[in-house]
Novice: 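Right, I'll just put the structure down here and ask away after.
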Amino acid sequence: MEHFEKLLSENHEQLIFCSNKESGLKAIIAIHNTSLGPALGGTRMLNYSSTDAAIEDALRLAKGMTYKAAIAGLNFGGGSAIIIGDANTDKSELLFRTFGKYIEGLAGRFITAEDVGTTVRDMEFVRMETKYVTGISKSIGGSGDPAPVTAYGVYIGMKACAKEKWGNDLLRGRKIAIQGAGHVSRFLVEYLYNEGAELFVGDIKESKTRKILEFVKAEIVDPDEIYDLNVDIFSPNALGAVLNDDTINRLNADIVAGAANNQLADEEKHGKMLMDKGILYAPDYVINSGGLINVANELEGYRQDRAMKHAESIFEIVSKVIKLSQEAEIPTNIASRKLAESRLEKIGRISNIYSGKSEFAGRLGELTKK
Ligand code: NAD
């Protein structure tokens with residue numbers, strides 16, 4: 001599809017190419033929607049098979065961020081950035097500072113943070129050139145690792161699902177399968193264990209599962225067999241596309257609730273398949289929005305207690321999603337999309353109200369027309 005057609009078809013606002021010979025920077029910034037506030041989204045550094053593939057990814061990620069911020073009740077829009085290159089060999093101070101100059105040039109329309117292939121350290125170079133970056137280290141006033149707040153949000157979201165399924169939000173005695181023993185799981189298991197849940201953890205790396213056992217008691221399971229366990233909750237915290245034709249048929253759980261991004265291999269088909277099987281699915285971008293809530297908080301002067309408090313709202317949001325899904329008899333992933341779109345439309349309308357800040361520029365334009 002031609003670029004402008006592609007932008008129009010999904011209502012993207014802006015696509016920016018940044019190129020600089022001295023630093024070797026080749027970057028793409030996509031801004032999907034700023035009706036709620038400045039676009040916020042990570043910077044990914046990857047080698048793509050083609051520029052078109054990078055554009056496709058940037059647009060997809062930016063749109064996803066619009067929905068995530070909208071449903072989390074944040075006043076941010078959706079954006080994303082891609083630096084085309086090898087994250088192991090092509091990084092330099094010059095590269096990230098040059099990228100920072102381009103972000104600065106957008107004057108706050110886009111705020112970025114670390115993502116796949118970039119680190120807190122890289123963002124600190126970006127920070128030398130612009131204040132429109134978040135997710136920097138605690139030592140220089142940032143919020144540091146978002147995983148504790150993400151994990152807390154997932155825990156709270158699981159409780160909202162439990163309340164719906166079993167009439168109360170207690171997880172004591174519940175069997176919970178945790179796929180992936182990484183950053184988020186390390187904090188998630190502590191909340192669950194402290195409440196008395198029985199845990200089953202599977203990771204492809206033994207070193208990771210061993211680490212989990214330093215914090216909690218859990219049964220270590222074969223990562224290939226985790227879908228077949230007879231449990232109450234299946235919690236994907238590793239990869240995307242883990243909910244597909246094969247795995248949904250194997251699942252033996254009442255609830256799916258975890259932090260991994262893009263869990264449904266096919267949004268329409270697999271959301272419906274879960275509903276038809278009577279499995280309550282907590283949409284990934286709703287339940288994992290603690291990470292976004294955390295970096296958004298940093299922009300107002302970071303306080304973890306405030307970020308945690310904000311993440312508690314995930315309970316109410318998940319409950320709303322479930323309610324709409326039941327009333328309209330639609331899968332939860334479709335219900336959350338509708339709720340996000342409704343907020344974008346309603347709150348977005350405020351930006352059309354003249355607040356006296358735009359001076360004369362637009363008005364003079366109108367006068368000359370007459
Ligand atoms: P991580 O890289 O620290 O952990 C992922 C773990 O999954 C690793 O230990 C890896 O070995 C394991 N893994 C990979 N393939 C696996 C497989 N097939 N079976 C079992 N385990 C496998 O990542 P993380 O920061 O814990 O994030 C987990 C997920 O949550 C990711 O999808 C991430 O995009 C998403 N997420 C994270 C945050 C955050 O704050 N870190 C926020 C929102 C969403």
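All ligand and atom numbering here is 1-based and tracks the order in the structure. We number each residue from 1, following the sequence as shown. As the structure is a computational prediction, the values presented were derived from the model and not from experiment.
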Novice: Scan side-chain atoms only and decide if Tyr102 and Glu129 contain a donor-acceptor pair under the 3.5 Å cut-off.
Specialist: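 No - no donor-acceptor pair under 3.5 Å links their side chains.
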Novice: Heavy-atom contacts with Ala260 under 4.0 Å: which atoms of ligand 1 show up? List them by number with element.
Specialist: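 That gives atoms 29 (C), 30 (O), 32 (O), 35 (C) of ligand 1.
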Novice: To check your reading of the model: name the closest protein heavy atom to atom 18 (N) of ligand 1, its residue, and the distance in Å.
Specialist: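 Going atom by atom, the protein heavy atom closest to atom 18 (N) of ligand 1 ends up being Leu239 CD1, 3.5 Å.
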Novice: Quick one: does Asn288 get an N or O within less than 3.5 Å of an N or O on ligand 1?
Specialist: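 Between Asn288 and ligand 1, no N or O pair is found under 3.5 Å apart.
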Novice: Report yes or no: do His310 and Asn294 form a side-chain donor-acceptor pair below 3.5 Å?
Specialist: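 No - no donor-acceptor pair under 3.5 Å links their side chains.
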Novice: Should the heavy atoms of other residues, nucleotides or ligands under 6.0 Å from CD of Glu56 be counted, would the total exceed 12?
Specialist: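 Check fails, neighbour count at 12 or below.
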Novice: Quick one: do the Thr98 and Glu22 side chains pair a donor with an acceptor below 3.5 Å?
Specialist: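 No, no side-chain donor-acceptor pair sits under 3.5 Å.
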Novice: Take atom NZ of Lys277 as the centre, draw a 6.0 Å sphere, and report whether it contains more than 12 heavy atoms from other residues, nucleotides or ligands.
Specialist: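 Atom NZ in Lys277 is crowded, with more than 12 foreign heavy atoms closer than 6.0 Å.
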Novice: Are more than 12 heavy atoms, taken from residues, nucleotides or ligands other than Gln326, located less than 6.0 Å from that residue's CD atom?
Specialist: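 Atom CD in Gln326 is crowded, with more than 12 foreign heavy atoms closer than 6.0 Å.
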Novice: Within ligand 1, which atoms have a heavy atom of Pro146 less than 4.0 Å away?
Specialist: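 Per the distance check, 40 (O).
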Novice: How far is atom 12 (C) of ligand 1 from the closest protein heavy atom, and which atom is that?
Specialist: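 The answer is Asp203 OD2, 3.1 Å.
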Novice: Can you report which non-hydrogen protein atom sits closest to atom 40 (O) of ligand 1, along with the distance?
Specialist: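 For this ligand atom, the closest protein heavy atom is Thr150 OG1, 2.7 Å.
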Novice: For Asp52 and Ser50: C-alpha separation, side-chain torsions, deciding distance, then whether side chain to side chain donor-acceptor pair (under 3.5 Å) applies.
Specialist: CA-CA 5 Å; Asp52 275 350; Ser50 66; 5.5 Å; no
Novice: Mark up the atoms of ligand 1 that fall under 4.0 Å of a heavy atom belonging to Ala147, in ascending order.
Specialist: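 Numbered from 1, ligand 1 contributes 40 (O).
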Novice: Report the nearest protein non-hydrogen atom to atom 4 (O) of ligand 1: residue, atom name, distance rounded to 0.1 Å.
Specialist: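 Looking only at protein heavy atoms, the one closest to atom 4 (O) of ligand 1 is Gly182 CA, 3.2 Å.
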Novice: Could you find the nearest protein heavy atom to atom 33 (C) of ligand 1 and give me its residue, atom name and distance?
Specialist: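 Here the nearest protein heavy atom works out to Asn261 ND2, 4.0 Å.
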Novice: With only distance considered, is Ala238 within less than 3.5 Å of ligand 1 through an N or O on each side?
Specialist: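 Yes - when backbone and side-chain N and O of Ala238 are compared with those of ligand 1, one distance drops under 3.5 Å.
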Novice: Output every pair passing side chain to side chain donor-acceptor pair (under 3.5 Å) with a member in residues 212-222, not counting sequence neighbours, ordered by first then second residue.
Specialist: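 Output for this query lists Lys211-Glu214.
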Novice: Counting each atom of ligand 1 from 1 as listed, which ones have a heavy atom of Gly202 under 4.0 Å away?
Specialist: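 Going through ligand 1 atom by atom, the ones under 4.0 Å from Gly202 are 20 (C), 21 (N).
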Novice: For ligand 1 and Gln179, I'd like to know whether there is a polar contact (N/O to N/O, distance under 3.5 Å).
Specialist: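 In this structure, Gln179 places no N or O atom under 3.5 Å from an N or O of ligand 1.
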Novice: Provide, to 0.1 Å, the distance between atom 16 (C) of ligand 1 and the closest protein heavy atom, together with that atom's residue and name.
Specialist: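 Scanning the protein heavy atoms, the shortest distance from atom 16 (C) of ligand 1 goes to Ile204 CG1, 3.7 Å.
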Novice: Looking only at protein heavy atoms, which one is nearest to atom 36 (N) of ligand 1, and how far off is it?
Specialist: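 Here the closest protein heavy atom is Ala259 O, 3.6 Å.
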Novice: Roughly how far apart are Leu324 CG and Ile322 CD1, rounded to 0.5 Å?
Specialist: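 The distance works out to 11.0 Å.
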Novice: Closest non-hydrogen protein atom to atom 28 (C) of ligand 1, residue and atom name please, with distance?
Specialist: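 Among all protein heavy atoms, the one nearest atom 28 (C) of ligand 1 is Asn237 O, 3.2 Å.
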Novice: Please report the interatomic distance CE(Met158) to CD1(Ile255), rounded to the nearest 0.5 Å.
Specialist: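 Going from CE on Met158 over to CD1 on Ile255, the span is 8.5 Å.
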Novice: Who's closest to atom 3 (O) of ligand 1 heavy-atom-wise, of His183, Glu206, Glu114?
Specialist: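 Considering heavy atoms of His183, Glu206, Glu114, the nearest to atom 3 (O) of ligand 1 sits in His183.
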Novice: When you compare ligand 1 with Val184, is there at least one nitrogen or oxygen pair between them that comes in under 3.5 angstrom?
Specialist: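 Val184 vs ligand 1: N/O contact under 3.5 Å present.
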Novice: Whether Lys205 and Asp203 form a salt bridge (side-chain N of Lys/Arg under 4.0 Å from carboxylate O of Asp/Glu) is what I want to check.
Specialist: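 No salt bridge links Asp203 with Lys205.
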